Amino acid sequence: ACGTRAGEETAATESCVDTSGDTVKVGSLNSLSGTMAISETTVRDAIALAVKEINAAGGVQGKTVEIVAEDGASEPTVFAEKAEKLIREDCVAAVFGGWTSASRKAMLPVFEDNDSLLYYPVQYEGLEASENIFYTGATTNQQIIPALDYLAETGVESIYLVGSDYVFPRTANAIINAYAEAHGIEVLGEDYVTLGSTEFSTIVNQVKSAGADAVFNTLNGDSNVAFFREYANVGLTAEDMPVMSVSIAEEEVGGIGVENIEGQLAAWNYYQTVDSPANTAFVEAFKAEYGADRVTSDPMEAAYTSVYLWAATVEKAGSFAVADVQAAADGVSFESPEGTVVIDGDTHHVTKTARIGEIRADGLLYTVWESEGPIEPDPFLEGYDWAAGLGDTE
Amino acid sequence: MDLLVGQLFTGLSTGSILLLAALGLSLTYGQMGVINMAHGEFIMAGCYTAYVVQQAVGDAGASLLIALPVGFLVGGAMGLVLETLLIRRLYHRPLDTLLVTFGVGLILQQVARDVFGAPAVNVAVPEALRGGVDLLGVTVPKTRLFIMALAVVSVAAVTLVLRFTPAGRRIRAVVGNRDLAETAGISSRRVDAGTFFIGSGLAGVAGVALTLIGSTSPTTGQSYLVDAFLVVVAGGMGRIKGAVVAAVALGALQAVFETYSTASLAKVGVFLVIVVFLQLRPQGLFTLRTRSLA
Amino acid sequence: MFLKTRLGTWTGFGAAAIVLFGLAPLLLSGFRLGLLAQFICYAIVAVGIGLAWGRGGMLTLGQGVFFGMGAYLMAMHLKMADAEFRNGPGAVPDFMELAGIRELPAYWAPFSSPAFTIAMILLLPTAFAVLLGLAVFKRRVKGAYFAILSQALAGAFAILLIGQQSLGGFNGLSRFQYFFGFTLADPVNQQMLYFIAAGVLLAVVAIALQLRRSRYGELLVAVRDAEERVRFLGYDAANVKVVAYAVAALFASVAGAVFVPVVGIISPASIGIVPSIMFILGVAIGGRASLVGPVVGALAVAWAQTALSEQFPSAWTYAQGLLFIAIIALLPGGIASVFKRFPTKRTPVEAAA
Amino acid sequence: MNTALSCKHIEVDFDGFKAVSGVDLELARGEVHFLIGPNGAGKTTLVDAITGLAKYSGSVVKDGEELRGKKVHHIARRGIGRTFQTAQVFDNLTVAQNLDIAAGAGRSPWTLLRRRRHLPQNVVDTMARIGLADHADTPAGVLAHGQKQWLEIGMLLVGDADVLLLDEPIAGMGHDERETTGRLLHDIAADRAVAVVEHDMDFMRAFASRVTVLHAGAVLASGSVDEVSNDPRVQEVYLGTAKEAADAATA
Amino acid sequence: MLRLRDLTCGYGRSAVVHGIDLEIGADEVVSVMGHNGAGKTTLLRAVVGLIPAMRGTVEFADPSGNWTDVTRKPTNKRVKSGMAYVPQGQQCFAHLTAGENLRLVADGRRNGKALVDSQLDLFPALRPLLARQAGLLSGGQRQQLAIARALITEPRLLILDEPTEGIQPNVVAEIEATVVDLAKRGGLSVLLVEQHLGFALQAASRYYVLRSGRVASTGDTGAEAQTRVREAMAI
Ligand SMILES: Nc1ncnc2c1ncn2[C@@H]1O[C@H](COP(=O)(O)OP(=O)(O)OP(=O)(O)O)[C@@H](O)[C@H]1O
Ligand SMILES: Nc1ncnc2c1ncn2[C@@H]1O[C@H](COP(=O)(O)OP(=O)(O)OP(=O)(O)O)[C@@H](O)[C@H]1O
Ligand SMILES: NC(N)=O
Ligand SMILES: [Mg+2]
Ligand SMILES: [Mg+2]
């Protein structure tokens, strides 16, 4: 017997989420092994902290939240497999996690086909909006564009682009090129290295001889260590050629060595040093839970926030059912460590405050510039004329 | 001109990094035929050795000097354990060593993750090695000069030992014919263990040195492994001379490709060049011929 | 031994068919059946490796390349079909818009044809394997050289794909709606995919069995054991090897093509060096020289990985590593060797390479 | 004389060292042609050259066709078979399978891809001829040294080689096997050219139709057994003094 | 010097040599004969320890004449205690030069240089080859190298597996003379596996004939030895 053919309606799969008892299960799906474990284990910790706090405060709808953890093993297919397992075998009400866009794209059909929910906590390249995903990290207009605005404001007239060879840097650089053209900034070079590459002598020498006003860095992970060391060694400094990075957070600074990166810039929505009562509480709780030597970072904060946003939405809807949560999402807000975040019901993204940070000698990032209040998400860059043609997907 | 000189240095320095990573392999793989996929993790162990030593000593300069021999011992000791517990049973099944050591590598990575945490740690570069030296109009980082020097010293040491010492003769004898070596009064077990110790120790040294330019995390080391194997293959199994030439050639090739295209295409280009090269010299640059039919 | 008789063969295939087509769908949930279909794809690759490595002595550390080719070719068709279904002929697949590609690249266009796609899945990887095999084997690159070279090939191929934005780059291709007109989200169709995978597995095993028993199979073993000697008998040993290598590539490609609709994504992460080694591990653990060993090994490895990682999400790699070490170090013949009863005669040890 | 193979001015150079320098050699059907000479004289190297394993200058002609520059397997297909100083058989295959493979160079792909239903007649005959009829299903790896040598010769026979180059075929054999092997060689030489590299002088005296002595890469002497044995130069470099030669003969 | 009791050995699980009892006295030359495949090489490999004994013992006398059980000792220990083995098939360290092949064994011996020199006097043909890679030497050249290598260890028991196989006649004569001479000089026992009946019986004082891994005949190499050996080997 054959099933549904193209064009015919497929009967939605029945959800097996069981809310009859006094617990409710959620999934935590992050890479605990493989190359991405370096970043994603921190997100797992933040999710666990939020769940613990929520339970201590009485749970969601009076039910204790129980985490089912799975390892995405840094492989998109595994993310897809584990997501399906969480939904269909563990019957979780929602899943938190994912980091690379590849893993998110692998999970997206699983969540759509099984009509379930994913809360994705990492800044990404935008141009996506699924009914079944809540994006709690920044989209491009909440991170990259503010970073460019900042550079332009400080008088930068030429930039050099260095990135890892995958979708986020390539899309980011496409946006940067469009922006640069519209704002009279010259792009002097655009180089990509394979993820994990540590060989930067050629690139850094080219950067140096190009003599740009600033470097826009979309390198990911370990490559940053080699890049910044090489950068410092050929005598380039934050004074004469600052580097604006969008993937270096507190966790990475330690590995790079603060002496190699002091004074350089980063663009995020959150730093451990953000001065707000909510953040003080968050940092304290995190250190109490995982050790005083641990630091908090933007993706961790977004993951932490995502659990609270889910809880708040469920409370508002009065139900764990996916349709009810989707319906209730618009306008749900949370007083998060980065400031107030509000869910946008249309795009399933959240409002975020953009911050440019400078890396200081203590290894932490300090805000040197901040957007005037939270920025509305615009994943398809519809509000930017110069970006016309970049994001008219759907 | 500047660019050319720059490329030359880049090639040399990339080459010496490759060489440092590959030198131990040219002993364990080239001489003994063991495809040790955990070699990358031995390099990683060297990195963490540098980290631990630096935590203990404090001063970056002193700790680097201490970490180099300590890294050799740490890498060597790990190799020794691996050899005694597993590889010893597998000498007649060389391709199986690849799979077993791959498993070992997985475990070592997880150990590093559990002991040092998943995020990378920082090993500070000594003051004396910060910054660069201007040579013929290009800036060459001092760290890279140090690594070049270290590569030269390591190669010289290995070559001298293999060529001119009784121990070197024994190693080559056991490699050539295990049973026959036994009948010549040589304990092949001790020699195997010793060879593996040195080869793995060199990985440890490479790890310590590589902290000067790269990151120290559980997956460090993996990135060097495939290139290091290619160096040994292109150079001709078991030929130190071949490894040196191949490493520098591959480094230069990579640097040139990178200048004219992207770094990721450069990798593909290097691979193609190797395939074409093996058309000309199937056994690598330098080969040892024998008259057996194998 | 059992499989040597004609009756044994039929019984074996019958039993396998009953398990695959009868018991498994009955006992497993839809999700688990989907996983089994995925594992079966690995097993299909393994049968090819068993032939090339176990029988032919070629340790192909780069099967991810051929698996990836089949997978990407199928994925291209599925993306084209989806785009055309939504936006009519010549439509650009959704992901391309992200990469800023507005025009359908010329090399994509033919993949709207199912027939062309299937032909390419069968021909392209095979032809590539023949070319590469000729280049390598004619020059007598073998043993560990070949192993390392094929491993580097897998690495280079993955890197190359990551750089191809018109093939989805690092993210790969995903989000397929239809499979030759059938809605992929429908559980009934998912079960159909499982049956396709199981059917392909049986077919591939049957082909491998025929090759093993043929004169070619004997010749292949001869080449494995004494390649040079075979040349002196008037054979071109390189051609003998190329055939096994190409068949292994074909199997891997077909496996990749089935994998894509089953799993719903193909990306460079599934075809590089580490996945290629995983393919090999299954074969080694099952027993490379036997026919069903690779199948059993591939299924067992994949199943163990899933089970372990579900049980111990943060420490399962220890168990995985130990498993590889224990089985390969202690059971040189793989799982299959356990089932061989006392050898009737002194048989020389199977050559390692 | 029915010339099967003719080598003209063969020279093999290993990085400047001339292992074979200017050798002329004719092999005729119906003869067992012995190739002797001191260790290192270049006998094996000469065989290597003829069979395409070593690069050389000069010319090797069989049935009017120049073989220099041809690949190993092409030379083998033209009916030139060889054995090795240490026997090379397929250890994991049975005697029958070994012979069947040797018989099959040039089989069509279709034949290759099918199962062997029954053994070709020439394989069965050859098995009897080399005394391994009882070992059809024995893996070659467990055969005794001498049996492997016979199997190797058998593999050349089923492959229809009509020029056989045998490198020390009786090494390691006992007296009786030597006899058997010698008779076998004589028998198969009836319609083929057989060249034998050997150091066993008894064996040579018993079975040689013609002898060529190599020394330092060149032909030192050539002729009948008697001519060669009595050549003082051969005695000097190879056989030893007449007395020693005599000793060796009685041994 | 050497005493085998009930020695059984083989490959994998199957025995090739069954329950051999054999003894060699001090300064005695003993030859072992038998068809190919009779198990001669296998026996020798067990004596030097390259394959383990499945049953039975190998005993070796120390310099003062006391028997020590070496059944479980690794080969290199047996070699150090005075056994030397020249395997069948002209084996050498192919990737080392001929000179290095010799020095390898001389390393660590007090009079290493002198030992090498005395062997080169014994095998003058080796002198011009010292710098050549051993793997490229001809079979006969390699065989001489192998015997020289064994003698450098100053053995008390020399084990030779078909030492004249593949050697040119005048060198065979030399090797035979050398073996007989070494034995006469005293201080050395020889276990000789040899197919040439003449040499085997001339050099040895006693002989063993193996058939299918068992001793088929043994005795002194007196007048009737030829016929008895031929009889034992026929069939
Ligand atoms: N590949 C090679 N490279 C360099 N020299 C070589 C090579 N092959 C052979 N030789 C040298 O060429 C000479 C001839 O060797 P060859 O093996 O032909 O002798 P042979 O007559 O067969 O001797 P034997 O009777 O001992 O087997 C020897 O001196 C040998 O060392
Ligand atoms: N590595 C091995 N594995 C299995 N069987 C073996 C092995 N080596 C030898 N044999 C078998 O053991 C038996 C005895 O062989 P061995 O080499 O001891 O004979 P030999 O008397 O030395 O003969 P030859 O005169 O040919 O040297 C033979 O049947 C042989 O096939
Ligand atoms: N979404 C990212 N950073 O891949
Ligand atoms: Mg020879
Ligand atoms: Mg023998």
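Throughout, a chain's letter reflects where its sequence line sits, starting with A, and its residues are numbered from 1. All values derive from a computational prediction rather than experimental measurement.
Only the side chain of Tyr224(B) comes within contact range of chain A, with at least one heavy atom under 4.5 Å from a heavy atom of that chain. Interface remark: Arg130(B) contributes backbone and side-chain atoms alike to the contact with chain A (heavy atom separation under 4.5 Å). Contacts of Ser223(B) with chain A are made by side-chain atoms alone, with heavy-atom separations under 4.5 Å and no backbone atom involved. No part of Phe227(A) comes within reach of chain B, as not one of its non-hydrogen atoms sits under 4.5 angstrom from that chain. For chain A, no part of Val140(B) is nearby; none of its heavy atoms comes within less than 4.5 Å.
Interatomic distance, OG1 of Thr202(A) versus CD of Gln254(B), reported as 8.0 Å (0.5 Å rounding). Of the inter-residue distances, the one linking Ser33(A) atom OG with Gln109(B) atom CD reads 9.0 Å to the nearest 0.5 angstrom.
Contact annotation: the side chain of Asp222(A) approaches that of Thr219(B) to within less than 4.5 Å [non-hydrogen atoms, C-beta and beyond]. The closest side-chain heavy-atom distance from Glu230(A) to Thr143(B) is not below 4.5 Å. Counting only heavy atoms from C-beta outward, the side chains of Pro141(B) and Arg229(A) never approach each other to under 4.5 Å.
A distance-only check finds no donor-acceptor pair linking the side chain of Asn233(A) to the backbone of Gly132(B) [under 3.5 Å].
Of all non-hydrogen atoms in Ser201(A) and Thr14(B), the two that sit nearest each other are OG-OG1, 4.3 Å. For the pair Glu259(A) and Val125(B), the tightest heavy-atom approach, listed with the atom from each and the gap, is OE2-N, 4.2 Å. Summarising the geometry of Leu32(A) relative to Arg113(B), their closest heavy-atom pair is O-CD, 3.8 Å, with the distance given to 0.1 Å. When all heavy atoms of Ala226(A) and Gly214(B) are compared, the closest pair comes out as CB-CA, 4.3 Å.
Contacts with chain A were tallied for Ile17(B), Ile213(B), Leu212(B); Ile213(B) has the most, counting heavy-atom pairs under 4.5 Å. Contact count versus chain A (heavy atoms, under 4.5 Å) is highest, among Thr211(B), Leu210(B), Leu106(B), Thr220(B), for Thr211(B).
Within a 6.0 Å radius of NZ in Lys52(A), no more than 12 heavy atoms belonging to other residues, nucleotides or ligands are found.
Ion pairing of Arg144(B) with Glu199(A) is present here, as a side-chain N (NZ or NE/NH1/NH2) and a carboxylate O approach within less than 4.0 Å.
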